[in-house]
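Nothing here was measured: the structure is a model prediction, and the numbers come from that model. Below, chains carry the letters A, B, ... as their sequence lines are ordered, and counting in each starts from 1. Every heavy atom of this structure was used, including side-chain atoms; hydrogens, water molecules and symmetry mates were not.
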Number of protein chains: 2
Amino acid sequence: MTSPPTESASRRPTRQRAALAELMAETSEFLSAQDLHSKLQSRGDSVGLATVYRNLQAMAADGDVDVLRTDDGECVYRSCATDAHHHHLVCRECGRTVEVEGPAVEKWAAEVARANGFSDVTHTIELFGTCTSH
Amino acid sequence: MTSPPTESASRRPTRQRAALAELMAETSEFLSAQDLHSKLQSRGDSVGLATVYRNLQAMAADGDVDVLRTDDGECVYRSCATDAHHHHLVCRECGRTVEVEGPAVEKWAAEVARANGFSDVTHTIELFGTCTSH
DNA sequence: ACCGTGTTTGACAATCATTCTCATCTGAGT
DNA sequence: ACTCAGATGAGAATGATTGTCAAACACGGT
């Protein structure tokens, strides 16, 4: 994102937040809030659904997790591998994800925006494809 | 879109479809299905909400309208100005939209995909900014 | 260790866009 | 006019996300 990082307000550490963070840390695929919630349940770390949503939003605002929307509009989350701005190439069969950087695109986006007199530009770029194993 | 055009099955012409198509033709901004539905109502062309959804989906599948998702997940539609593949630069204040083409991005997307062994790639690219009048 | 206070949580209700159901209607060919 | 598959509409159903609010909790001061 090109947007200024919505600065992380001081958040208080809690068992629930920790459980969620830990789960996300060991997962590499994108999961929905609902998925994460039930994974926590079955693992014994009971956390309310609303809490999962609240924390995911907070983490996303702080840039600690990536968010993207599936074709059917559901939000899916995944912990960032890098701090840097990046995009995703997702396999529509198995969900395997590759984080890609695109200096070229960033530049293009900025230029297009400037050329049209738009300021404060952000962009959404996601690539979907089918990976080799399919 | 890079995806093969889901070929338009033969669609039967109906009053409802015509009304919707006409409304879209005279509108240049992105509107949600709900918006379109109520505009049709207040204009006298009564059309069921489900029908609006069905037709919008059909039109989108045929590539007759552009679809994109607002930040809060709502789908918004607009008739395409061009047949060609393109993306949008949308003002987050007033909704003004500019259709942009990006040979550079298309190429980038294709290359990134190939480099990672993905085939059959499609992409989602939207730019949001604030236009001059704000 | 004990309190007071401002956060965070959880259970559940409420929203709300979108989809489904299914009986009825309509367009097009005969 | 007759028929039938595709289209429509009213309303119910779905399902993710958000709102509510009382109870539980973390933290700094004592």
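Map B:Cys75 and A:Thr51 each onto its nearest nucleotide of DNA chain C; the residue landing nearer the 5' end is A:Thr51. Along DNA chain C, the nucleotide closest to B:Arg54 and the one closest to B:Glu74 are compared, and the more 5′ of them pairs with B:Glu74.
Classification of B:Glu26 and B:Lys39 as a salt-bridged pair fails, no side-chain N sitting under 4.0 Å from a carboxylate O. Under the 4.0 Å criterion applied to side-chain N and carboxylate O atoms, B:Arg11 and B:Asp62 are assigned as salt-bridge partners.
Atom CG of residue A:Leu127 and atom CZ of residue B:Phe118 lie 9.5 Å apart, to the nearest 0.5 angstrom. We find the CG-OG1 distance between B:Asp71 and A:Thr124 to be 7.0 Å, quoted to the nearest 0.5 Å. Here CG of A:Leu68 is found 8.5 Å from SG of A:Cys75. Values are rounded to the nearest 0.5 Å. In this structure, B:Arg15 CZ and B:Ser46 OG are separated by 6.5 Å, a value rounded to the nearest 0.5 Å.
Atom pair B:Leu56:CG and D:dT8:C1' shows a separation of 15 Å (rounding to whole Å applied). In this structure, A:Gln57 atom CD and D:dT18 atom C1' are separated by 8 Å, rounded to whole Å. Look at OH on B:Tyr53: it is 15 Å from C1' on D:dG9, rounded to the nearest Å.
For B:Arg54, the salt bridge (charged side-chain N to carboxylate O under 4.0 Å, His left out) criterion is met by no residue, not counting sequence neighbours.
Using a 4.0 Å cut-off on heavy atoms, the residues of residues 12-40 of chain A that approach DNA chain C are A:Arg12, A:Thr14, A:Arg15, A:Gln16, listed by number. Applying a 4.0 Å cut-off to non-hydrogen atoms, the residues of residues 41-49 of chain A that approach DNA chain C are A:Ser46, A:Val47, A:Gly48, listed by residue number.
Other residues, nucleotides and ligands contribute over 12 non-hydrogen atoms within 6.0 Å of the CD atom of B:Glu99.
By the 30° and 60° cut-offs, the orientation of the rings of A:His123 relative to A:His87 is tilted.
For DNA chain C, the contact window with chain A, defined by any atom under 4.0 Å from a protein heavy atom, covers C:dG6 to C:dA11 in 5' to 3' order.
Other cluster members for B:Leu56: B:Leu20, B:Leu23, B:Met24, B:Leu31, B:Leu36, B:Leu40, B:Val47, B:Val52, B:Met59, B:Val65, B:Val67, B:Tyr77, joined by side-chain heavy-atom distances under 4.5 Å among Ile, Leu, Val, Met, Phe, Trp and Tyr.
Side chains of A:Arg92 and A:Thr130: a donor on one and an acceptor on the other come within 3.5 Å.
Annotation: the terminal axes of the helix from C:dA1-D:dT30 to C:dT30-D:dA1 meet at 30°, where each axis is the rotation carrying the C1' atoms of four end pairs onto the next four (5 pairs per end, rounded to 10°).
For an aromatic pair to be called close, the ring centres must be under 6.0 Å apart, and B:His88 with B:Phe128 fails this.
Using a distance-only test at 3.5 Å, with no hydrogens or angles considered, a donor-acceptor pair links the side chain of A:Arg17 to the main chain of A:Arg12.
Looking at heavy-atom distances under 4.0 Å, A:Asp72 makes no contact with the nucleic acid at all.
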